[in-house]
Amino acid sequence: MSEDKLITTHQALIPTLPSPDADPAVLQVWGGSSLQGHVKISGAKNSALVLITAALLCSEDCRLRNVPSLVDVTRIGQILVSLGVKLKQQDDILNINASTISKSKAPYELVSQLRASFFAIGPLLARLGSACVPLPGGCTIGARPVALHVRGLQLMGADVQIEHGMVNAHVRGNRGRLQGAKIYLDYPSVGATETLMMAATLAQGETIIENAAQEPEVVDLANFCNSMGAKIRGAGTNTIVISGVSRLHSTDYSIIPDRVEAATFLVAGAITYSEISMSPVVPEHLTAAIAKLQDIGVQVVTEGSDCLRVIPSHNLVATDIETLPYPGFPTDMQAQFMALLALSEGNSLVSETVFENRLRHVPELNRMGADIRVKNNHAIIRGVPLLTGAPVVATDLRASAALVLAGLAAQGKTTIQGLHHLDRGYENLEAKFLGLGAKLERVPQSVAIANDAFSPINSDALISS
Ligand code: EPZ
């Protein structure tokens, strides 16, 4: 059992973060092996990030369990420590004490590396009556505006100014306390729902969020806040009602399993024609993914309450996918399923409706022999009998997972650059795949070059492609 690690300065967290590397690691994947066995699914990244942020609402001890060890989680921890929060980490348990928040301004250099940290504007404003958070820039998958967050906070009585790339918000009057409000979201944004739900938790009166996001991570956040004494009803539906309370109390809460990681392993079983199982999962969270796998010809069975088993099929059949807000098909699983459809018999159409620039894995899959054409936010996939290993570049988190899956199915070796994307959202992915019998290895780029005439692809050149 490792010692409690008291983290008082954000420097204390830096050793765990990868620094820009002159010899970045690449992942070499040898395809063609079938997988077997069982894999443990980690806590959900997209829950951990917002639940750690929500701990800012509470002036007592909060214990979070099942916290995945990820670059993004370390980053949100750094941001909280920079605001004066005390963190104590022990394996996958994080003890958070936000009794003394000394600052309401989150440092640019930290926030700029993690979009989700913008959500901190909600709890900071609710707790301190003021918040100053950098405007998160766009990212490789889209412009990612935050207008819905800002408008909701304005309806709750916050004065919000955006200057010099910073969002300055403070509550006018009412002793700096937000007011309950009726908020209709033009789009069921996950982040806006979470930011406003957190802000409303300590507001005066009742807040109603209509056309709210219904993702399991939103429900996990509401359950976490309610475990601290908040009064949130309706999370998981499109209407959430929050009755503000004056303060929250300590809690000990366990984060839900990561449904996106689980879906990635479901596809790993399907694309390598392997029978594997995984737990813990919440099967209902994967309804859309399991339904699509069944359309493709792959059976997924539930064993007990929290375990899934993939029953592979050698006749993968084309199908169409349209990404939508939950309970529709998740955009975070789109790239992984595209790798599978690349090897499915017939033509598939994948339409990405949530993010405007989330098909950047297509040229990389085509480099491996896939036959995919893109028109606006649609990808037309003609299934091919096999993929061949190649040097490829990961362009974002889920694209990197798709390339690992394609590499596991391909003939020969695939070398993946851009692993900083993968490390943001997958805990010990290589170790988990090695445990299932896959052949892959993370090596410094220089070693890959020395080994086999691998010449790194200039990712900047990719951008223009
Ligand atoms: C969350 O991002 C997740 N991130 C994303 O996961 C996920 O893809 C996304 O929800 C959708 O499910 C985290 O939870 C940390 P949104 P978020 O606000 O909250 C537009 C991954 O791979 N929009 O629901 O930023 C926006 O531009 C990541 O793990 C506005 O127009 O997503 C986008 O097109 C990637 N105005 C759409 O809504 C706003 O004010 C969905 O965004 C806010 C959003």
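Order of listing sets the numbers, starting from 1, for every ligand and every atom in it.
Nearest approach of Pro68 to Gly43, heavy atoms of both residues: CG-O, 3.3 Å. Considering all non-hydrogen atoms of both residues, Ser344 and Ile296 come closest at OG-CG2, 3.9 Å. Residues Pro136 and Val146 share a closest heavy-atom pair of CG-CG1, 3.8 Å. In this structure, Ala406 and Leu365 approach most closely via the heavy-atom pair CB-CD2, 3.7 Å.
In the vicinity of Asp332, heavy-atom distances shorter than 4.0 Å reach the ligand 1 atoms 5 (C), 6 (O), 7 (C), 8 (O), 21 (C), 22 (O), 28 (C), 29 (O), 35 (C). Contact atoms of ligand 1 toward His149: 40 (O) (distance under 4.0 Å to a heavy atom of the residue). Atoms of ligand 1 lying under 4.0 Å from at least one heavy atom of Gly191, given by number and element, are 18 (O), 19 (O). With ligand atoms numbered from 1 in the order given, ligand 1 contributes 15 (C) to contacts under 4.0 Å with heavy atoms of Ala116. Near Phe119, meaning under 4.0 Å from any of its heavy atoms, are these atoms of ligand 1: 19 (O). Ligand 1 places these atoms under 4.0 Å from at least one heavy atom of Leu148: 36 (N), 39 (C), 40 (O). Near Tyr187, meaning under 4.0 Å from one of its heavy atoms, ligand 1 places the atoms 37 (C), 38 (O), 41 (C).
Open room surrounds OH on Tyr108; 12 or fewer heavy atoms of other groups in view lie less than 6.0 Å from it.
Remark: ligand 1 and Val354 share an N or O pair separated by less than 3.5 Å (distance only, no angle test). Polar contact check, Glu194 against ligand 1: no nitrogen or oxygen pair lies under 3.5 Å apart. For a threshold of 3.5 Å applied to N or O pairs, the pair formed by Thr331 and ligand 1 contains no separation below that value. Residue Ala147 places at least one N or O, backbone or side chain, under 3.5 Å from an N or O of ligand 1.
Heavy-atom distances between Ala143 and ligand 1 stay at or above 4.0 Å for every pair.
Under 4.0 Å is where a charged nitrogen must lie from a carboxylate oxygen, and between Asp61 and Lys86 no such pair does. Using a 4.0 Å cut-off between a side-chain N of Lys or Arg and a carboxylate O of Asp or Glu, Lys45 and Glu427 do not qualify as a salt bridge. Residues Asp252 and Arg65 are paired through a salt bridge, judged by an N-O separation under 4.0 Å between the basic side chain and the carboxylate. Classification of Lys292 and Asp320 as a salt-bridged pair fails, no side-chain N sitting under 4.0 Å from a carboxylate O.
For atom 20 (C) of ligand 1, no protein non-hydrogen atom is found at a distance below 4.0 Å.
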**Study point:** Working for side chain to side chain contact (heavy atoms under 4.5 Å, CB included), residues Ile41 and Phe265
**Key:** CA-CA 9 Å; Ile41 300 298; Phe265 280 105; 3.9 Å; yes
Exercise for review: Applying side chain to side chain contact (heavy atoms under 4.5 Å, CB included), run through Glu210 and Ile208 and close with a yes or a no.
Suggested key: CA-CA 6 Å; Glu210 291 176 314; Ile208 301 175; 3.9 Å; yes
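Counting heavy atoms only, Arg398 comes closest to atom 29 (O) of ligand 1 of the residues His421, Arg398, Gln334. By heavy-atom distance, the residue among Val50, Ile76, Val190, Val150 lying nearest atom 1 (C) of ligand 1 is Val190. When Pro145, Ala192, Ser47, Ala48 are ranked by how near their heavy atoms come to atom 43 (C) of ligand 1, first place goes to Pro145. The residue among Lys45, Arg358, Arg115, Glu217 with a heavy atom at the shortest distance from atom 35 (C) of ligand 1 is Arg358.
Of the protein's non-hydrogen atoms, the one nearest atom 18 (O) of ligand 1 is Ser189 OG, 2.6 Å. Ranking the protein heavy atoms by distance from atom 32 (O) of ligand 1 puts Phe355 CZ, 4.0 Å first. Among protein heavy atoms, the minimum distance from atom 15 (C) of ligand 1 is reached at Asn46 OD1, 3.4 Å. Of all protein heavy atoms, the one closest to atom 17 (P) of ligand 1 is Arg144 NH2, 3.8 Å.
Taking the six-membered ring where the residue is Trp, His149 and Phe118 present perpendicular rings, their angle passing 60° and hence far from 30°.
Put simply, the residue from Arg358, Gln334, Glu352 that forms a side-chain hydrogen bond (donor to acceptor under 3.5 Å, both in side chains) with Thr323 is Glu352.
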